[in-house]
Amino acid sequence: MTAFFQSIGMNHDWAWSVATIAGILLIALPVMLAVAMAIYFDRKIWAAMALRRGPNVVGPFGLLQSFADGLKVFLQETIIPSAANKGLFLIAPIITFTVALMAWAVIPFNSGAVLTDINVGLLYILAISSLGVYGVVIAGWSSNSKYPFFSAMRASAQMISYEVSIGFILICVVLWAGTFNLNDIVLAQKGHGLGFLNGFAFNLLLFPMWVMFLISSMAETARAPFDLTEAESELVAGYQTEYSSMSFALYWLGEYANVLLMCALNATLFFGGWLPPVDWAPLYWIPGWIWLFAKIAFFFFVFSWVKATVPRYRYDQLMRLGWKIFLPVSLGFVVLVSGYLMLTRYSA
Amino acid sequence: MIHVIAFYLFAFVTLASAVFVIMARNPVHSVLWLILAFFNAAGLMVLLGAEFIAMLLVIVYVGAVAVLFLFVVMMLDIDFAELRAGFVRNAPLGLLIAVILAIELFVGVVANSTGKAALGTPDGTGAAPVGASNIEAIGALLYSRYLFLFEAAGIILLVAMIGAIVLTHRKRTGVRPQNVADQIARRHDEATINTRPEVGAGVKL
């Protein structure tokens, strides 16, 4: 895009700045729209699974429900508890929201269609997702209220626990792809399964990693069945208890943007990202971003499906799953995958 | 131009937040300023072209170490008056450390600017291979030239980790933790009994 802005008579620095800002808007605005629609579909899917109708009043089929909710919270008053630490209390939702959007910078939407094509893309995602915990912890502390504080404690322990096994799972993918660049990881999946299926999930050694990644990504985004940070039967609304109006809405948006990001990562790392599912020429006529969106939508459905059907874990069970099962298994698979590659690809 | 703006932005925020780490009255604010300083230092490293180190800084320090810091500081019940009471007693020690650090920094800067010591490697042995990315360059060095140091560091960390577990682990009696293997191994006929008791007789448990 820089070249385009240079061609209409800007110097390089200006063209780069304008192109970057345009790129950010091109990603952030569709993501926000997708988040609004994701909330609607989430509610519709739970409703369908509970034999209810779900939102169906605002707009055709209730499609405008999220926008009505957005307008409602926008017009509400922001209540700041008098004992709260005011500055941090207001910064916390902004951190959550910003961090949730930042990670989209390295997701490839099509061949080369990525905001920043850096060669440490996957590490960047790990780095950004490790920042997400601050929004929750700061909210819990600055609210100066006991339930948010408990929730913040839980959230930080939970996110740190699952980040460890996510790191090992990503190392398996990186070992197989031979690169940290997300676009190259997508390209490495071309024809990976049986010579015609695009995606690392069709690999016998990486398939268990994908299952673990899917579960870990639910834990990382604190979605059901791992939503202990906002378990309403125990903690009122968790770290969001004291929040209202837009600051509350920022948490909602950030949470769903994170869920969509995890869906995009599932698609990009294990199901061929913007590649069509099958390596067959006519399927490449459909633009890559449509395939990526379809895969994100599919994984989002899986997330909602799980939320609608699986009961919540107990906290000790969550920790047991993370530390006693996922960590050793993913560590074992790092050894297994590197050993396999050593004996086959790098044996010469 | 953009590089310059970015450099001054990151450098200014790093220095300012480092000052606020010391100046903040609330220890939680101190930790948060420290996190901001880490983050901007990572930005400076990206500008230097050391993106791998920058990402590691964010993942390890911001994402893990600082969270634990914050955790501890948040849960501590800190008496600020008591904290400040020790200021005069500890000031000489603090000043000494500050002076030593300042001298080290000064020597480094002077040695570099007068050409006595160059950053990087004069003989080229440690230089990154041309055309390789950051990660490949570090990996190639770490697993060949510095293999033993790397593994020694790994063993030290492992020993420290096991030591921490040994020191804090205690066997508690009187608790009944969930035994998942037992629960899964339980079969229907050993877990339930089917009886038809006489009216008024009840069942024996």
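Owing to the predicted nature of the structure, the values given are computational and were not obtained by experimental measurement. Any value given below was found using the heavy atoms of this structure, including those in side chains, with hydrogens, waters and symmetry copies removed. So that the names make sense, note that chain A is the first sequence line, chain B the second, and so on, each numbered from 1.
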Crowding at CZ, B/F38 (>12 non-hydrogen neighbours, <6.0 Å): yes
Donor-acceptor pair, side chain of A/Y134 and main chain of B/V62, under 3.5 angstrom: yes
Check against side chain to side chain contact (heavy atoms under 4.5 Å, CB included), B/F39 and A/L131: CA-CA 10 Å; B/F39 201 70; A/L131 291 180; 3.4 Å; yes
Winner by heavy-atom pair count (cut-off under 4.5 Å) against chain B, out of A/A157, A/A152, A/A127: A/A127
A/M153 versus chain B, the contacting section by heavy-atom distance below 4.5 Å: both
CZ (B/F20) with more than 12 external heavy atoms under 6.0 Å: no
Chain A contact via B/A54 - which portion, at a heavy-atom distance below 4.5 Å: neither
Side chain to side chain contact (heavy atoms under 4.5 Å, CB included) between A/N85 and B/H29, intermediate numbers included: CA-CA 10 Å; A/N85 195 315; B/H29 291 184; 3.1 Å; yes
Modelled atom types, side-chain donor and acceptor of B/Q178 and A/R320, under 3.5 Å: no
Inter-residue atom distance A/L126.CG - B/L56.CG, 0.5 Å rounding: 10.0 Å
Separation of A/L122 CG from B/M55 CE (nearest 0.5 Å): 11.5 Å
Structural part of A/L88 lying under 4.5 Å from a heavy atom of chain B: side chain
Contact origin within B/L32 toward chain A - heavy atom pairs under 4.5 Å: side chain
Region of B/V60 that comes under 4.5 Å of a non-hydrogen atom in chain A: neither
Exceeds 12 heavy-atom contacts within 6.0 angstrom, atom OH of A/Y147: no
B/V58 versus A/S130, closest heavy-atom pair with distance: O-OG, 4.1 Å
Side chain / backbone / both / neither for A/I160 at chain B, heavy atoms under 4.5 Å: side chain
